[in-house]
*Asks:* 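This structure is in structure tokens; I'll ask about it shortly.
Lettering follows sequence order; numbering is per chain, from 1.
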There are 2 protein chains.
Amino acid sequence: MPFSAKTEYGLVALIELAGQFQSGGVMQVGEIASRQGIPDRYLEQMLTSLRRGGILRSIRGPKGGYQLMRPPAEILVSEVVQVLEGEPQLRDGGTRETPEFQVLHALAGDLQTARLALLEATSLEQLIERRDALLQAQAMYFI
Amino acid sequence: MPFSAKTEYGLVALIELAGQFQSGGVMQVGEIASRQGIPDRYLEQMLTSLRRGGILRSIRGPKGGYQLMRPPAEILVSEVVQVLEGEPQLRDGGTRETPEFQVLHALAGDLQTARLALLEATSLEQLIERRDALLQAQAMYFI
DNA sequence: CGGTTCCCGATCGATGTAGTTGGGAATACC
DNA sequence: GGTATTCCCAACTACATCGATCGGGAACCG
């Protein structure tokens, strides 16, 4: 499972917010959490990270909530993952550098590169497009 | 870091064994472990998994050790990873199926597919080729 | 028979993950 | 101005996983 719960919850919340971006686009933690069926106090932490990471801004008090800082097209999944997952904090790296390990680390690098490429190629805007396409397709079954 | 220690150690051991495959190719746990600087009793567990997974066979008693079951060209990294990592045991999957989550699961699927493609495209034979190329390149610096 | 090697399973400490909880600070509204 | 609402900050917990260690048993060779 490539995404942790943290990342998944954060991205889901961002997709919701991105869907509302045209029309002001402010939503509250509790609102998002109940729509998605996830613990609100936990989601709050993700939204805090995203705010600190410059992806969201927050409004306090009644009628407050969260809002995207930028249009959905300018927010890449790679950035979100990076903010929520934090630095991968590489392990020792230096010891155990037999040629066999080096070859594997090169392969591991290729894997990370491929992953990053996909995540950088995906914006929130694309995710809402896919969501809407999916809803459209599912509506077909009811005709 | 895409590979766990388990996977990394197992693969390193297999690369060593693959390098010896022509000439009988039997090596002992302690031998591999000390060459690679990893705990032998721990590596033993990985080799046991690989034997149970049909990738290695073992020979007991003095002059025993481990041996590849098949030529290195027929052992893919994907298979090794699968054996060492085990089934990813998917979480609930069914609850929390809002369209937003579905879109993310699709993206997660794409990531796994990309990863798998790279791992399936890499055999032990290719890894020993890369290791030897790397040794060759490093030898250049000493001229 | 005796040493060598693999075999099997339990255990352990550290770390991370998912989630809960207890308050505090800003803001809107009456 | 008071009060309810919302975000803000931080500590804490339960649990699983990971990397590793350990004790002892079974096969095999000479």
*Asks:* Roughly how many Å is it from NZ in Lys6(B) to C1' in dT21(D), rounded to a whole number?
*Replies:* 15 Å

*Asks:* Write down the distance between CG (Leu84(A)) and P (dA18(C)), rounded to a whole number of angstrom.
*Replies:* 12 Å

*Asks:* CD of Gln45(B) versus P of dT11(C): gap in Å, rounded?
*Replies:* 15 Å

*Asks:* If we ignore angles and hydrogens, is there a donor and acceptor under 3.5 Å between the side chains of Thr7(A) and Glu85(A)?
*Replies:* yes

*Asks:* Would you mind reading off the distance between Ile38(A) atom CD1 and dG19(C) atom P, rounded to a whole angstrom?
*Replies:* 9 Å

*Asks:* What nucleotide among dA25(C), dA20(D), dT20(C) has an atom nearest to a side-chain atom of Tyr42(A)?
*Replies:* dT20(C)

*Asks:* Enter the distance from Leu107(A):CG to Gln126(B):CD here, rounded to the nearest 0.5 Å.
*Replies:* 10.0 Å

*Asks:* Have a look at Gly30(B) and say if it touches a base, only the backbone sugar-phosphate, or nothing, with a 4.0 Å heavy-atom cut-off.
*Replies:* nothing

*Asks:* Can you measure Leu43(A) atom CG to dA18(C) atom P for me and round it to whole angstrom units?
*Replies:* 14 Å

*Asks:* Just one of Ile75(A), Leu124(A), Leu68(A) clears the side-chain contact (heavy atoms from CB on, under 4.5 Å) bar with Phe21(A), so which one?
*Replies:* Leu68(A)

*Asks:* Using whole Å, report how far CZ of Arg57(A) lies from C1' of dT6(D).
*Replies:* 14 Å

*Asks:* Taking only the side-chain nitrogens and oxygens of Arg51(B), find out if one of them lies under 4.0 Å from OP1 or OP2 of dC7(C).
*Replies:* yes

*Asks:* Does Glu44(B) or Glu44(A) map to a spot on DNA chain C nearer the 5' end, using the closest nucleotide for each?
*Replies:* Glu44(B)

*Asks:* What integer distance in Å separates Gln28(A):CD from dC7(D):C1'?
*Replies:* 10 Å

*Asks:* What's the CG-C1' distance between Asp40(B) and dC7(C), to the nearest Å?
*Replies:* 14 Å

*Asks:* Should the heavy atoms of other residues, nucleotides or ligands under 6.0 Å from CZ of Arg35(A) be counted, would the total exceed 12?
*Replies:* no

*Asks:* Between dA20(D), dC8(C), dC7(D), which nucleotide has the shortest distance from any of its atoms to the side chain of Thr48(B)?
*Replies:* dC8(C)

*Asks:* Which nucleotide in the list dC8(D), dA10(C), dC6(C) gets nearest to the side chain of Tyr66(A)?
*Replies:* dC8(D)

*Asks:* Give, for atom CD1 of Ile55(B) and atom CD of Glu74(B), the distance between the pair rounded to the nearest 0.5 Å.
*Replies:* 12.5 Å

*Asks:* Looking only at the side chain of Pro39(B) (C-beta and beyond, no hydrogens), which of the listed nucleotides dC8(C), dC7(D), dT21(D) gets closest?
*Replies:* dT21(D)

*Asks:* Report which part of the nucleic acid Leu47(B) touches: base, sugar-phosphate, or nothing (heavy-atom distance under 4.0 Å, all strands).
*Replies:* nothing

*Asks:* Which part of the nucleic acid does Arg52(B) contact within heavy-atom distance under 4.0 Å: base, sugar-phosphate only, or nothing?
*Replies:* sugar-phosphate

*Asks:* Which of the following nucleotides, dC7(C), dG19(D), dC7(D), is nearest to the side chain of Arg60(A)?
*Replies:* dC7(D)

*Asks:* Where each residue is assigned the nucleotide of DNA chain D containing its nearest heavy atom, which of Pro62(A) and Arg41(A) is assigned the position nearer the 5′ end?
*Replies:* Pro62(A)

